[in-house]
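What follows is a short report on a single structure.
As the structure is a prediction and not an experimental result, all values here were calculated from the model.
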Number of protein chains: 2
Amino acid sequence: MGESGKYPVVSVTTDIVVFSVFGAKLNVLLIERGREPFIGQWALPGGFIHSDEGLEDCARRELKEETGVSGIYLEQLFSFGAPERDPRGRVITVAYLALVPPDRVSPRGGSDARRAEWFGVDDLPRLAFDHHGIIATGRERLIAKLGYSTIAFQLLPQEFTLSEVQTVHEIVRGRRLDKRNFRKSILALDVLRETGRRRAEGSHRPAMLYELAHPGTVVIVR
Amino acid sequence: MGESGKYPVVSVTTDIVVFSVFGAKLNVLLIERGREPFIGQWALPGGFIHSDEGLEDCARRELKEETGVSGIYLEQLFSFGAPERDPRGRVITVAYLALVPPDRVSPRGGSDARRAEWFGVDDLPRLAFDHHGIIATGRERLIAKLGYSTIAFQLLPQEFTLSEVQTVHEIVRGRRLDKRNFRKSILALDVLRETGRRRAEGSHRPAMLYELAHPGTVVIVR
DNA sequence: GCAAAAGTGTTATCCCTACACCCATGA
DNA sequence: TCATGGGTGTAGGGATAACACTTTTGC
């Protein structure tokens, strides 16, 4: 492959759209670029693939190197390869969608990135490359998958209340939901277990805490 | 990009899973490889990306060059990049899903391919690379999308009967459907138009012919 | 006792499913 | 007239959507 012009010279990167729900918003994790092109601008975490690693391995490695985030939900999103999308030449990127619970939100910069920070998806800065479009694609995927999978629990800590589940759905989908119907439909999924413990946080009745019966798994429902 | 070892040397291909329903089967279009590796074996149509073309452009070009098929429905499927998937070195492929109506099924070989032929998806020969897995992924996508989009009409000629629509669904999903319920649900999509013409083919009542109100468009329903 | 969020059932509506017979044609 | 696929309606069951009040707690 690639020896002496036999095949077109192309580079491949992965870029990761990491979402998290906190502060009553859907947020995405960005890094400030530490090198050209677009030095100083915000961009998705990501980078060039190594010769001996798989695509998902690359995404996990870059995410950890650039933001310190690891061990989270990750799925392939889409590949972007418009010829002019990178000023350095022909770079094709395989984008990944990742979700992180709000209790694991403490990014730090590293390697190519000067720093990593969360931004509300409706309040993004100017971004490098075609990263606005990649984030939009990721957001569509997330909204769609809320409707037919248990992906939302990947945005919650290990223990959570049903109201927290509802809040995640409402923020991502952008509309209010009926409390009784929502709780019925979530419990009907049959993927939760009552922990028996309650969380008291404020001057009101404490809420029952639930956890995933099979943590880390996402299933398609319907 | 790729200048003098600055970034890993990688090649990128597209491969196309072309499905068509005819002969009471779901079929996939394969080519016989005309060069190493896997010379003489069957494989998906596809090939290396050019430096100035987009991913989908590449898929359409390779499909036309290798099989003569063009102007059909095409969507990105998934990217495959396991380090050992190609004996030539590091080759990442962006797979596409394509659908062709049965009246446009007449492939011819060309360029890298000696010949192109249709195979039933349950009766595939030994395939080059990881192409069995790519076809399986395409088949899952097709089955899933039948349920929430109007993609099935891309497997039908410009004019078709409702029975033909039903047959496509039954073959792809692998089970019989109720005629009355099926027709109701298809017409409720509100994407078809009666042509007013009928097709008489056999010693029975002729069937009304329908066409897409907006040909070539696939919409998400539900 | 008051404010604030947790928790809980019933009813009406819509959608999906199951199911059987007549119609138009060619041979 | 017979064989073949085309074409049509209804009723029951399950899922979904609308809707309001009581409970528990901290202050």
Side-chain angles (χ1 to χ4, degrees), chain A residues 21-24 102 144 146-150 152 156-157 159-171 173-211 219-222, chain B residues 21-24 102 143-144 146-150 152 156-157 159-171 173-211 220-222:
Chain A
V21 172
F22 56 85
L146 276 197
Y148 64 89
S149 79
T150 60
L156 289 160
E159 284 191 325
F160 47 83
T161 68
L162 293 185
S163 292
E164 287 169 340
V165 182
Q166 183 170 349
T167 299
V168 163
H169 277 258
E170 288 179 339
I171 288 172
R173 296 164 59 178
R175 63 188 173 97
R176 302 300 306 270
L177 302 169
D178 179 84
K179 197 194 333 186
R180 280 171 291 191
N181 293 336
F182 182 81
R183 293 161 92 95
K184 250 180 292 176
S185 70
I186 288 294
L187 294 173
L189 295 176
D190 200 35
V191 297
L192 297 188
R193 193 167 47 209
E194 277 194 11
T195 64
R197 312 202 307 157
R198 283 162 211 278
R199 177 186 300 157
E201 58 165 17
S203 53
H204 54 82
R205 181 172 172 174
M208 175 64 72
L209 287 165
Y210 291 81
E211 62 189 358
V219 302
I220 304 298
V221 291
R222 242 169 259 202
Chain B
V21 172
F22 56 85
I143 292 171
L146 275 198
Y148 65 87
S149 80
T150 60
L156 288 161
E159 284 192 324
F160 48 82
T161 68
L162 293 184
S163 292
E164 288 169 340
V165 183
Q166 183 171 346
T167 299
V168 163
H169 277 258
E170 288 180 339
I171 289 172
R173 295 163 59 177
R175 62 190 174 95
R176 301 302 307 271
L177 302 169
D178 178 83
K179 200 198 325 190
R180 281 171 290 192
N181 293 336
F182 182 81
R183 293 162 93 95
K184 249 179 297 176
S185 68
I186 289 294
L187 293 175
L189 296 175
D190 199 35
V191 298
L192 297 188
R193 193 168 46 209
E194 278 193 12
T195 64
R197 311 204 306 158
R198 285 161 210 280
R199 178 186 298 157
E201 60 165 13
S203 51
H204 54 83
R205 179 172 173 175
M208 174 64 72
L209 287 166
Y210 291 81
E211 61 188 0
I220 304 298
V221 293
R222 244 173 258 201

Practice item. Describe the nucleic acid contact of B:A207 in one word from base, sugar-phosphate, nothing, applying a heavy-atom distance below 4.0 Å. Key: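 Contact class for B:A207: sugar-phosphate only.
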Check your understanding: More 5' along DNA chain D: A:S185 or A:S203, using each one's nearest nucleotide?
Key ->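 Result: A:S185.
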Rounded to whole angstroms, how far apart are [atom1] on [X] and [atom2] on [N]?
X	N	atom1	atom2	value
A:Y148	D:dA15	OH	P	22 Å
A:N181	C:dT11	CG	C1'	12 Å
A:L162	C:dT8	CG	P	9 Å
B:K179	D:dT4	NZ	C1'	10 Å
A:E194	C:dG7	CD	P	9 Å
A:R183	D:dT16	CZ	P	18 Å
B:L177	C:dA18	CG	P	11 Å
B:R198	C:dG26	CZ	P	13 Å

Can you tell which of [options] lies closest to the side chain of [X]?
X	options	answer
B:H204	D:dT24, C:dT8, D:dG5	D:dG5
A:R205	D:dC19, D:dT24, C:dT25	D:dT24
A:D178	D:dT25, D:dG6, D:dC19	D:dC19

Exercise for review: Kindly indicate whether the side chain of A:K184 and the base of C:dT10 share any N or O donor-acceptor pair separated by less than 3.5 Å?
Suggested key: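 Per atom types, the contact qualifies.
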Review point. Going by modelled atom types, is there a donor-acceptor pair between the base of C:dA20 and the side chain of B:R180 at under 3.5 Å?
Key: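 Flag set: donor-acceptor pair detected.
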Review point. Got a sec: does the CZ of A:R199 have more than 12 other heavy atoms crowding it under 6.0 Å?
Key: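 Yes - once you tally the heavy atoms of other residues, nucleotides and ligands closer than 6.0 Å, there are more than 12.
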Check whether any side-chain heavy atom of [X] lies under 4.5 Å from a side-chain heavy atom of [Y], and answer yes or no.
X	Y	result
B:S149	B:R222	no
B:N181	B:K184	yes
A:L192	A:F160	yes

Review point. So, for A:Y210 and A:L162, which heavy atoms are closest and what is the spacing to 0.1 Å?
Key: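 Distance-wise, the nearest heavy atoms are CE1-CG, 3.5 Å.
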**Study point:** Short side-chain N/O contact to D:dG5 OP1/OP2 from B:S163, under 4.0 Å
**Key:**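 Checking D:dG5 against B:S163, no side-chain N or O comes under 4.0 Å of OP1 or OP2.
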